[in-house]
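Please read the structure below before turning to the comments.
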Amino acid sequence: MALKIYNTLTRTKEEFTTLEPGKVRMYVCGPTVYADAHLGHAMSALVFDIARRYLEYKGYEVRYVMNFTDVDDKIINKANELGVDPFSLAEQYIAGYKRNLEELNIKPASVNPRATEDMPQIIEMIQQLIYNDSAYVVDGDVYYSVDSDDDYGKLSGRSIQTMNAGSRIQVDERKEHPMDFALWKSAKPGEPAWESPWGKGRPGWHIECSAMNMVHLGDQIDIHGGGNDLIFPHHENEIAQTESITGKPFARFWMHNGMMGLKDDKMSKSLGNMVTIDQFLSEHPGDVMRLWVLNGSYRSPLTYSEAVIEQTTQGYKRLLSAKKGALPGSAGLSENELAKLQDAAQAARQGFVEAMDDDFNTALAMATIYELGKTINQARADGATDTQLGTAQSVFDELTSTLGLKLEEETAVGTSADAFIDLLVALRRDLRAEKNWAMSDEIRDKLKSLGVILEDSKDGSTWSWES
RNA sequence: GGCGACGUGGCCAAGUGGUAAGGCAGGAGUCUGCAAAACUCUCAUCAUGGGUUCAAAUCCCAUCGUCGCCUCCA
């Protein structure tokens, strides 16, 4: 079966192939670190984590690079506001972001390069662009010349004639063309700066990604990802820069995730209408965030609301229910029933792969997982034993973990409490045998307030930590 | 003004030519001392108006609406 991926460059789904057999070179644009990351960052990070995990599931070896933009105007401004060093400010937000990613169960990147660490390559690329007549120097600044690039605009589907450069901001008069963009910015007093052939300064936003790609993945890569707000100008400019130097197609597949919205607007740092990852995770498990993304499709926008999170949480509990063990006193399934359960598991795996092969159709993949979960629950209700359930549950685990879901029961305090709860449940069993409903209900209610869910059946009780 | 995406049941959402996946919520049951969970059954003709076709949510045109990008943004 062949994986197809929607390529922004061609606006079609294409069969996925790699430059080097069995290996994927993948680059995803990370954040500019000047504020706490919000759910939009989480969405993007999750989307590409899911893609990466699925590629690995398919047997690819993935070299996954996600950068940090750790020097830029916003960081400098924020640092000045707070009266702190911009580098330590960036450091602090990088640490916070990495912690967020870990809490969301996002696999660490192969490498997290930073703009400030690849300065020699950045400067070298700018020099090559100048030699190529793709760039020019003005008073210590260096600009890329869009007129030098015949196919500028091919990713975003625009031409330099049709864009209203300067309709919303003032154009720098020194530029040869209004769309020209900065490769190198000369330093103002007090700003972080690096030595260069054009004087002290720092890199423009776009060139750093081109350079980090070059250093960590090479001239050409298989997948380049990011939010669809980066298509223009950021990714357009990356293509222009890199291809002007190499003369070869840069990324084979351009993948872009849809935007996270809050009510009527895009969630963004500059609009200030955001929910941070920290805020979200203080109230919900990381799995809920991931499941929310999985229930939709990565190219479509997602709108945050309490109602949707509540729905997702319910779905999450449903998934959890499939992982439960046999009911007390289960007699076991017949050969025939067991065979049906195992067939359903195999069918689910197949349906999962078909869905994911179609441009990571996670909503459809989740449908097969929900159905497998239902089949498992049916088997349990029909009296399956732990062992019998286990054969299907291992497939369930395989599929959910491929999507990065943890589906672990929360253990609130630690396992040391378990023995005490077991004891209470045992005592309560006796109370129930004596039909002391008042006392047994009180125990159940009190345990509930401590986060322990007790469930009775006619053959005994089970308990679990509330999720 | 230009470019692009989208509009499917109360909510989220798959489905791009053959009469609508899945989840949440709701309704009716089974089980149970009760509760919870689980299980069973139930719940839409796809923004609107035209057109193409034996056949359209799915193709074409128009209209209305929503969102993103054209400036830093995942």
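Reminder, nothing fancy here: chain letters follow the sequence lines and each chain counts from 1.
- The side chain of A:Arg318 lies closest to B:C24, out of B:G22, B:C24, B:G68.
- Using the six-membered ring where Trp is involved, A:His234 and A:His206 have ring planes that are tilted, between 30° and 60° apart.
- Nucleotide B:U58: unpaired (no Watson-Crick or G-U wobble partner with both distances less than 3.5 Å).
- The nearest whole Å value for the distance from the CD1 atom in A:Ile160 to the C1' atom in B:C3 is 15 Å.
- Counting heavy-atom neighbours within 6.0 Å of A:Glu398 CD, excluding the residue itself, gives a total above 12.
- As a whole-Å value, the separation of A:Tyr152 OH from B:C3 P is 17 Å.
- Look at B:G68: its Watson-Crick or wobble partner, with both distances under 3.5 angstrom, is B:C3.
- The distance between atom CD of A:Glu455 and atom P of B:C34, rounded to the nearest whole Å, is 16 Å.
- With rounding to whole Å, A:Lys317 atom NZ is found 10 Å from B:A38 atom P.
- For B:C34, its base sits under 3.5 Å from the side chain of A:Asp456 at one donor and acceptor pair at least.
- A donor-acceptor contact under 3.5 angstrom links the side chains of A:Asp118 and A:His216, judged on distance only.
- Residues A:Ser156 and A:Glu236 bring a donor and an acceptor atom of their side chains to less than 3.5 Å of each other.
- The nucleotide B:C41 finds its pairing partner in B:G27, both defining distances of the Watson-Crick or G-U wobble pair being shorter than 3.5 Å.
- No donor-acceptor contact under 3.5 Å links the side chain of A:Arg380 to the base of B:A38.
- Considering CD1 of A:Ile221 and CH2 of A:Trp254, their distance stands at 6.5 Å, rounded to 0.5 Å.
- Regarding A:Glu236, its CD atom lies at a distance of 20 Å from the P atom of B:G2, rounded to whole Å.
- For A:Asn257 and B:G4, the CG to P distance is 20 Å, given to the nearest whole Å.
- Where stacking is scored as ring centres under 5.5 Å apart with planes under 30°, A:Trp437 registers as stacked on the base of B:G33.
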Inset, instruction - Give the B/S/- string for nucleotides 6-20 of chain B, one per nucleotide from 5' to 3', where a protein heavy atom under 4.0 Å of the base yields B, of only the sugar-phosphate yields S, and otherwise -. - result: -----BSSSS-----

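- B:C59 and B:U53: their C1' atoms are spaced 9 Å apart (whole Å).
- Distance, A:Met274 CE to B:A74 C1': 12 Å, rounded to whole Å.
- Taking the charged nitrogens against the carboxylate oxygens, A:Arg349 and A:Glu354 have no contact shorter than 4.0 Å, which rules out a salt bridge.
- Side-chain proximity of A:Lys74 to the nucleotides B:C72, B:A38, B:A74 is greatest for B:C72.
- Considering only side-chain atoms of A:Asp441, the nucleotide from B:A38, B:C72, B:C34 that sits closest is B:C34.
- Nucleotide B:A47 forms a Watson-Crick or G-U wobble pair with B:U63, both donor-acceptor distances falling under 3.5 Å.
- The shortest heavy-atom contact between A:Ala344 and A:Thr375 is CB-CG2, 3.7 Å.
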